[in-house]
Structure formats: structure tokens, C-alpha cells
Undergrad: 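Can you keep this structure in mind? I'll have questions shortly.
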Amino acid sequence: MMETFGASISEARDAATANSNGENEIEGFKQRVDEIISKVDKLEQKVHDIENFYSSMNKNQTSTPKGNSAAKDKDKEKHVPSIKKQQQDASRREAAASKRMQDLMRQFGTILRQITQHKWAWPFMQPVDIEGLGLHDYYEVIDKPMDFSTIKNQMEAKDGTGYKHVREICADVRLVFKNAMKYNDERSDVHVMAKTLLSKFEEKWLQLLPKVTEEETRREEEEAEAQLALQVAQEAAQAKMARDLSNELYEVDVILEELREMVVKRFRKMSTEEKRKLGDALTRLSPEDLSKALEIVAQNNPSFQATAEEVDLDMDAQSESTLWRLKFFVKEALEVQGKNSGSMGGNENQNNKRKRELCDAIAKTKKKTKKLT
């Protein structure tokens with residue numbers, strides 16, 4: 001990705017050599033800056049993505065010491081499975097858990113056969129014959145009819161509509177007997193038969209229940225571990241992205257610094273007439289832009305009071321770097337003023353503003369340390 005910018009620098013250097021006019025050189029550098037702006041926009045989007053990820057994380061998470069955290073994170077990444085592998089492991093765990101649950105349902109099938117083979121089970125083997133028995137109020141009393149043939153079909157279903165958990169079968173078996181007890185009087189034979197078989201079923205269910213509970217606990221623990229492992233993998237991926245982003249930002253900074261050095265080296269001496277025109281142009285700036293222009297002067301001249309009520313700006317006393325920065329800034333500002341003159345209180349175009357700020361950065365004195373000397 002950075003090869004493009006390396007080529008841009010080479011082209012900028014060639015353009016600067018071919019042109020003897022400083023203003024044309026700066027126009028050439030503006031094109032390079034446009035490319036850097038595009039690069040910065042992409043980096044800003046990455047920063048936004050990383051910020052969103054970390055803002056969604058648990059804020060109560062214990063923070064790690066800052067000492068060698070970057071090195072520790074990088075070392076930890078080597079031992080963290082990728083998100084893809086985490087998903088593959090999750091699929092294998094789910095398949096294994098499904099197999100264990102199928103085994104529990106087969107064991108439950110043994111209990112069900114024992115109940116259905118009881119001599120009193122016959123009334124519950126098939127759906128209630130509502131029409132044949134004249135039970136016209138059955139659906140007013142019973143919300144969900146259930147019988148053992150329906151349960152058997154559901155257990156044997158191969159189209160994915162069958163039971164997924166042994167507790168689902170248990171609930172339907174109970175429903176068979178509770179429906180019968182609800183609809184029939186407690187002194188009736190069907191009510192007594194249902195109550196007796198329900199009691200026998202509950203005794204047998206209690207024998208299987210410890211295995212069911214053990215499996216449920218195991219699945220909860222595995223899911224919790226999988227969730228934690230996935231979170232760690234996501235954090236590792238984001239940490240790598242943040243580190244790569246930091247490297248890219250550093251490379252952009254190097255490019256800006258190299259362009260800055262090129263600009264400073266290529267400055268020609270500004271003529272007296274150009275200085276006069278620059279001074280006249282400064283008087284046409286808006287108060288806000290004039291303040292920014294004076295800040296440019298102050299950056300290379302710490303003793304210059306840019307915010308004083310009255311400012312005496314000696315153009316001959318300014319360095320060539322400052323003069324060319326002022327010339328470029330003034331030209332850009334006046335162009336924007338001209339575009340906005342037709343509308344009242346129009347805001348400066350954001351892209352032009354960013355271009356000016358970045359071009360400003362190119363010609364700045366190296367880092368902030370130079371300002372303090």
C-alpha cells in the first residue's frame with residue numbers, strides 16, 4: 001500500500017526539479033497531499049471500527065499493566081486460535097453435544113416403552129377421538145392435545161422438526177397424563193389411570209435426571225468457554241489491526257516529513273513585488289483566516305505576538321519558508337472566500353480546509369520540539 005506513496009514522493013521530487021517557479025512546485029505538492037488525504041480517510045475508518053469494537057466490550061474488565069502490554073499482546077496473539085478456527089471448534093462441539101443428547105433421548109425411549117407397555121396405557125396411545133366420543137367441549141378445556149403416537153413420531157422425525165432436548169419429550173409425556181386428568185373427573189377410570197402412570201413415569205425420570213443435568217451443565221460450561229475464546233480471538237484480531245494501523249500512520253507521518261523537507265529545500269527567494277502582493281492579499285482575509293495566517297508566522301517566530309491587538313508584520317523579516325506558507329494559505333483562503341461570497345455566513349468547504357491543514361503540516365518546522373528551541 002505504501003509503495004504508491006513512495007512513488008508519489010519520487011514524482012513530487014521530479015516535479016520540483018523540473019520547475020523553477022516555487023508556486024508551481026507547491027501546486028505539484030498539493031496533488032501529493034490529495035493522495036495522502038485519501039490514505040488518511042481510510043485510516044480514520046479503521047480507527048472508527050476499532051473504537052466501536054472496544055466501546056462494546058465490558059467496561060468493567062480489569063485493565064492490564066501498561067509496561068510491556070504491547071509485547072505481551074503480540075506474544076499472546078501467537079497462541080490465540082483464529083476466529084475461523086474458533087467457529088470450526090464451535091461446530092465440532094455442537095455436533096458432539098447433539099450426539100450426547102441423542103444418546104440421552106434413546107435412554108429416555110427405554111422409559112417411554114416401559115410406560116406405554118403398561119396395561120393402563122392404552123387410552124393414551126392415540127389422539128383422542130373427539131368426534132367419535134362426542135367430546136364437543138374438548139378444545140375448550142384442553143389447549144394442546146398430546147398422545148404417545150405423536151410423541152413417537154416426533155422422536156423419530158428426520159426432517160429437523162423433531163425433539164432437540166430430552167426435556168421436551170419429558171414435557172409432552174407429562175402433558176398426555178395431565179390433559180387426561182384435567183378433562184376427566186378424578187373419580188373416573190381414565191383420570192385414575194393417568195395419575196398412576198404419571199407417578200410411575202416421574203419415578204423413572206428421576207433416575208435419568210442426573211445425567212440430563214450433568215449434560216446441561218457441561219453444555220453451559222462449553223458455551224461459556226467458547227464465548228470467552230471467541231472474545232479473546234476478536235480482541236487479538238483488533239489488537240493486530242490497531243498495531244498495523246499505528247504502523248501505517250507512522251508511514252504517513254514519514255511521507256509528510258519527507259515532503260516537508262523537499263518543500264523547504266526547493267523554496268526560491270520571494271521577490272519584493274511578491275512580498276508586497278502578499279501583504280495586500282493578507283488585508284483581504286476574513287478575521288478568522290487572518291488569525292490563522294498570523295499563527296503561521298508565530299510558528300517560526302516564537303516572539304511574534306499573533307494575538308496582540310495591533311500587529312506589525314515585517315515581510316522582509318520572515319523566512320522564505322514562512323513567506324511561501326503564507327502565500328499558499330492566502331491563495332487558498334481567498335479562493336474559498338470567493339466561492340462563499342454569494343451566500344451569507346457560508347461555512348468553509350471541509351475538504352479544502354483539510355487540504356490546507358495537511359499542506360500546512362508539510363511545511364511545518366520539524367515536530368514540535370523545534371518550536372521550543
Undergrad: Any chance you could measure Phe329, atom CZ, to Leu285, atom CG, to the nearest 0.5 Å?
TA: 6.5 Å
Undergrad: List the steps and the verdict of side chain to side chain contact (heavy atoms under 4.5 Å, CB included) for Phe201 and Val176.
TA: CA-CA 12 Å; Phe201 167 74; Val176 171; over 6 Å; no
Undergrad: Determine whether Leu209 and Arg167 make a side-chain contact, defined as any pair of heavy atoms from C-beta on separated by less than 4.5 Å.
TA: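 In contact.
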Undergrad: Applying salt bridge (charged side-chain N to carboxylate O under 4.0 Å, His left out) as the test, list every pair that has at least one member in residues 175-188; sequence neighbours left out.
TA: Asp185-Arg187
Undergrad: Check this for me: Glu202, atom CD, are more than 12 non-hydrogen atoms of other residues, nucleotides or ligands nearer than 6.0 Å?
TA: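 More than 12 within 6.0 Å, yes.
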Undergrad: Main chain of Glu94, side chain of Ser98: is a donor-acceptor contact present, judged purely on distance under 3.5 Å?
TA: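 Here the side-chain-to-backbone pair does not exist.
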Undergrad: Looking at side-chain heavy atoms only, is the closest gap between Leu323 and Glu274 below 4.5 Å?
TA: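 Answer no - side chains too far apart.
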Undergrad: Look at Asp280 together with Arg284 and state whether they make a salt bridge at an N to O cut-off of under 4.0 Å.
TA: no
Undergrad: Can you tell me which residue pairs pass the salt bridge (charged side-chain N to carboxylate O under 4.0 Å, His left out) test with a partner in residues 105-119, sequence neighbours excluded?
TA: Asp103-Arg106
Undergrad: Which atom pair, heavy atoms only, marks the closest approach of Arg219 to Ala97?
TA: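 Closest approach of Arg219 to Ala97: NE-CB, 3.6 Å.
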Undergrad: What's the shortest heavy-atom distance between Asp289 and Ala333, and which atoms?
TA: OD2-CB, 3.6 Å
Undergrad: About how many Å separate NZ of Lys211 and CD of Gln107, when rounded to the nearest 0.5 Å?
TA: 4.0 Å
Undergrad: Without swapping roles, check the side chain of Gln318 against the backbone of Val297 for a donor-acceptor pair under 3.5 Å.
TA: no
Undergrad: When you check the gap from the basic side-chain N to the acidic O, do Glu223 and Arg93 get nearer than 4.0 Å?
TA: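 Salt bridge: no.
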Undergrad: Working to the nearest 0.5 Å, report the span between NZ of Lys277 and CG of Leu282.
TA: 14.5 Å
Undergrad: Spell out, yes or no, whether Met125 and Val173 are grouped together once hydrophobic residues are joined by side-chain heavy atoms under 4.5 Å, including indirect joins.
TA: yes
Undergrad: For the atom pair OG (Ser149) and NZ (Lys152), what is the distance rounded to the nearest 0.5 Å?
TA: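 Between Ser149 OG and Lys152 NZ, I get 9.0 Å after rounding to 0.5 Å.
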Undergrad: Could you walk me through whether Thr116 and Phe124 satisfy the side chain to side chain contact (heavy atoms under 4.5 Å, CB included) test, starting with their C-alpha distance in whole Å, then the side-chain angles of each, then the deciding distance to 0.1 Å, before giving a yes or no?
TA: CA-CA 8 Å; Thr116 56; Phe124 316 110; over 6 Å; no
Undergrad: Taking NZ, NE, NH1 and NH2 as the nitrogens, is one of them in Glu288 or Lys292 under 4.0 Å from a carboxylate oxygen of the other?
TA: yes
Undergrad: Examine Tyr183 together with Tyr139 and report whether their ring centres are nearer than 6.0 Å.
TA: no
Undergrad: Enumerate the salt bridge (charged side-chain N to carboxylate O under 4.0 Å, His left out) contacts for residues 129-149, please, sequence neighbours excluded, ordered by first and then second residue.
TA: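 Counting only pairs at least two positions apart or across chains, the salt bridge (charged side-chain N to carboxylate O under 4.0 Å, His left out) contacts touching residues 129-149 are Lys144-Asp172.
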Undergrad: Could you go through Met101 and Lys164, starting from their C-alpha distance and side-chain angles, then the distance that decides it, and tell me whether this counts as side chain to side chain contact (heavy atoms under 4.5 Å, CB included)?
TA: CA-CA 8 Å; Met101 183 56 65; Lys164 301 296 188 299; over 6 Å; no
Undergrad: Apply side chain to side chain contact (heavy atoms under 4.5 Å, CB included) to Thr322 and Gln299, showing your working.
TA: CA-CA 9 Å; Thr322 299; Gln299 286 173 358; over 6 Å; no
Undergrad: How long is the straight-line distance from CG of Leu208 back to CG of Leu104, given to the nearest 0.5 Å?
TA: 6.0 Å
Undergrad: For residues Leu334 and Trp324: do they belong to one hydrophobic cluster (side chain heavy atoms under 4.5 Å, members Ile, Leu, Val, Met, Phe, Trp, Tyr)?
TA: yes
Undergrad: Do Met181 and Tyr138 share a hydrophobic cluster, counting only Ile, Leu, Val, Met, Phe, Trp and Tyr and linking them when any side-chain heavy atoms are less than 4.5 Å apart?
TA: no
Undergrad: Consider only side-chain heavy atoms of I, L, V, M, F, W and Y, link residues closer than 4.5 Å, and tell whether Met146 and Leu135 are in one cluster.
TA: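 Different clusters.
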Undergrad: Picking from Arg276, Lys269, Lys275, what satisfies salt bridge (Lys or Arg N to Asp or Glu O under 4.0 Å) with Asp316?
TA: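 With Asp316 as partner, salt bridge (Lys or Arg N to Asp or Glu O under 4.0 Å) holds for just one option, Lys275.
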Undergrad: Would a hydrophobic clustering, with Ile, Leu, Val, Met, Phe, Trp and Tyr connected at side-chain separations under 4.5 Å, put Trp120 with Val128?
TA: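 In one cluster: no.
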Undergrad: Provide the closest heavy-atom pair for Leu326 versus Ala293 in the form atom of the first, atom of the second, distance.
TA: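 So the minimum-distance heavy-atom pair works out to CD2-O, 3.4 Å.
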Undergrad: Rounded at 0.5 Å granularity, tell me how far CZ in Phe148 sits from CH2 in Trp122.
TA: 13.5 Å
Undergrad: Measure across Tyr163 and Glu168 and return the closest heavy-atom pair with its distance rounded to 0.1 Å.
TA: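 Minimum heavy-atom contact is CA-OE1, 3.4 Å.
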Undergrad: Any side-chain heavy-atom pair from Leu278 and Met270 closer than 4.5 angstrom?
TA: yes
Undergrad: Quick one: closest heavy-atom pair of Pro123 and Met193, and the distance?
TA: CG-CE, 3.5 Å
Undergrad: Between Gln154 and Ile169, is there a side-chain heavy-atom distance shorter than 4.5 Å?
TA: no
Undergrad: Is any side-chain heavy atom of Val166 closer than 4.5 Å to a side-chain heavy atom of Trp205?
TA: yes
Undergrad: Under 4.0 Å between a side-chain nitrogen and a carboxylate oxygen: does that hold for Glu222 and Arg100?
TA: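 Yes, Glu222 and Arg100 are salt-bridged.
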